[in-house]
Amino acid sequence: MLSAIRPIRRNPLEFLATTWRRHGDVVQFPIPRPATYLISGPSDVRSILVSGAKTQSKRTLQYDNLATVTGNGLLTADDPPWREHRRVVQPAFHHGELAGVVDHTFEALGPWLTRWRNAGPEVIDLDEVMMEVSLQVVASALFGSDWQANAAGLTKSTIVALDAVVARARNPLAPPLWLPTPGNRRLKSATAALDAAVDAVLDERARGQAVQGDLVDLLIAGLRRENGSVDRSAVRDELVTFLVAGHETVASALTWAWYQLAKHPDVADELAAEAQQSLADGRPGLSDVSGLILSRAVVDETLRLYPPAWVITRKLTQETQLADYCLPAAALVIMSPWIVQRHADVWSQPDAFRPHRFVGVDARGQAGYLPFGLGPRICVGRDFALTEAVIVLSVLAREFRFELTDAGAITPLASVTLRPPEGLAVRVSRR
Ligand code: HEM
């Protein structure tokens with residue numbers, strides 16, 4: 001394992017994929033403690049995340065490090081308080097809320113539509129645009145806020161915080177958080193920026209402003225101490241969790257979708273034709289989404305090839321039988337959608353971008369498909385994310401063409417999500 005430290009730090013995706021290709025679907029790493037496994041068989045992964053959900057926890061290095069930013073929010077928490085908090089937030093993600101997601105997404109695209117309609121062709125970083133748009137969607141749909149003006153600062157803080165978290169997780173000698181090293185200082189000031197944004201939302205609500213029955217209101221009403229007072233730190237943890245989990249993931253998926261569309265102009269043209277036909281001239285509505293079949297297939301296929309959450313870990317709390325293997329209690333299990341979603345047992349041409357494989361197919365039921373996880377801890381924002389992504393692709397593809405300025409292949413950087421290391425430079429022009 002010592003010789004693996006370098007390859008893991010250089011390219012963890014390649015390290016995991018090579019390990020899997022060499023050793024198969026169940027691999028135990030030569031680490032004394034905890035017993036650590038890479039599990040990649042589609043049915044084994046399902047059995048761990050679904051059937052084994054009651055005998056596992058999220059107390060792994062991955063989630064403990066993430067918790068330095070998100071605290072004990074939904075993504076990192078065990079039960080209690082996970083189940084109760086999930087019940088509290090669930091109404092914000094019911095099907096009935098998706099019409100609002102369509103509206104907020106269209107609004108967030110507004111300034112970009114105006115700019116690109118009025119300017120000549122220009123070169124932009126589309127990754128940055130996707131980050132800012134998806135942040136604004138979270139801000140307006142879930143927090144009732146407008147973060148357009150400070151979107152660039154907040155998306156930067158998110159990336160700095162998450163990169164620092166990952167750097168800590170990959171450094172066996174990571175300094176304690178109280179030491180003022182440059183890395184720790186960056187992490188602290190980025191987290192402080194996210195906290196400040198969330199605090200401003202809570203202060204507004206405390207002054208009785210902008211009450212609208214959204215996620216913030218659900219949390220304020222639902223997370224109370226025994227004496228009836230609002231548990232502000234629990235609410236803060238959830239809001240930072242949603243800020244972080246709700247925008248960089250969607251932005252990552254969209255950026256890779258545009259990258260693949262630019263590499264496959266025939267699919268981009270077909271997507272534009274679908275959008276021109278299905279979307280009425282004005283605002284898109286929720287009823288339009290079911291007609292955007294290719295757009296959804298492009299999102300599904302992008303999430304297969306570039307799963308933003310490329311690694312999922314669990315600590316087993318009990319001995320667990322997995323096919324012919326017995327995994328001991330306290331074992332660490334690593335599962336990577338990046339590998340499982342390229343498993344040749346269930347995917348034909350696994351490395352090819354072929355969105356048509358999902359046309360008329362419900363991706364959710366496919367074996368070996370888990371971009372949003374599986375089982376009780378499945379992503380609460382899945383339908384929110386899919387709706388947002390389909391609208392962004394269609395509304396922009398309907399009017400604009402995005403061409404790569406550099407035809408070279410881009411290798412994803414595996415941070416908390418998968419990102420293009422230098423952004424995505426494209427020339428945007430009107431169709
Ligand atoms: C393409 C976009 C997204 C992807 C790929 C994604 C992926 C995931 C995955 C894989 C998990 C499960 C992690 C595990 O089992 O350990 C998860 C959980 C979660 N996601 Fe997402 N997510 C996306 C968008 C969103 C959005 C838009 C939101 C909120 C607005 C969100 C909020 C959450 C939360 C709160 C959890 C924790 C759920 C729980 O444990 O109860 N995600 N996400």
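Predicted, not measured: the structure shown is a model, and the values here were computed from it. Counting convention: from 1, in listed order, for ligands and their atoms alike.
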For F29, does the CZ atom have more than 12 heavy-atom neighbours from other residues, nucleotides or ligands under 6.0 Å away? yes
Nearest neighbour in protein (non-hydrogen) for atom 29 (C) of ligand 1: F242 CD2, 3.6 Å
Ranked by distance from atom 5 (C) of ligand 1, the top protein heavy atom is P371 O, 3.4 Å
Nearest-contact summary for atom 40 (O) of ligand 1 - protein heavy atom, Å: R377 NE, 2.7 Å
Taking non-hydrogen atoms only, is L142 closer than 4.0 angstrom to ligand 1 via side chain, backbone, both or neither? side chain
Nearest atoms (heavy-atom pairs only) where A257 meets V298: CB-CG1, 4.2 Å
Which atoms of ligand 1 sit under 4.0 Å from any heavy atom of Y63? 13 (C), 14 (C), 16 (O)
Taking 4.0 angstrom as the limit and counting only heavy atoms of P308, give me the atoms of ligand 1 inside it, by number and element. 5 (C)
Are H85 and ligand 1 in contact, using a heavy-atom cut-off of under 4.0 Å? no
Any atoms of ligand 1 less than 4.0 Å from a non-hydrogen atom of W82? List them with their elements. 39 (C), 40 (O), 41 (O)
Which of the atoms of ligand 1 are close to F384, meaning less than 4.0 Å from one of its heavy atoms? 27 (C)
Mind checking what makes salt bridge (charged side-chain N to carboxylate O under 4.0 Å, His left out) contact with E319, not counting sequence neighbours? none
Give yes if a backbone or side-chain nitrogen or oxygen of R86 is under 3.5 Å from a nitrogen or oxygen of ligand 1, and no if not. yes
Ignoring hydrogens, what is the shortest heavy-atom contact between V340 and P42? Give both atom names and the distance. CG1-CA, 4.0 Å
Taking all non-hydrogen atoms of both residues, which atom of S348 and which atom of R357 are closest, and how far apart? O-NH1, 2.8 Å
N/O separation below 3.5 Å, T241 to ligand 1: no
Have a look at ligand 1 and work out which part of R314, if any, has a heavy atom under 4.0 Å from it: side chain, backbone, both or neither. side chain
Residues L215 and F143: closest non-hydrogen pair is CD2-CE2, 4.0 Å
More than 12 heavy atoms from other groups under 6.0 Å of CZ on R59: yes
Are F93 and F242 close enough that their ring centers fall under 6.0 Å? yes
Taking all heavy atoms of S278 and all of G291, pick out the closest pair and write down the distance. OG-O, 3.6 Å
Check whether any side-chain N or O of R225 sits under 3.5 Å from a backbone N or O of V230 as a donor-acceptor pair, and report yes or no. yes
Angle class for the H343/W20 ring planes (parallel below 30°, perpendicular above 60°, tilted otherwise)? tilted
Cut-off under 2.8 Å, centre atom 21 (Fe) of ligand 1, protein N/O/S atoms: C379 SG
Look at the rings of F402 and W116 and say which category their plane angle falls in: under 30° parallel, 30 to 60° tilted, over 60° perpendicular. perpendicular
With heavy atoms of F93 as the reference, note each atom of ligand 1 found under 4.0 Å away. 30 (C)
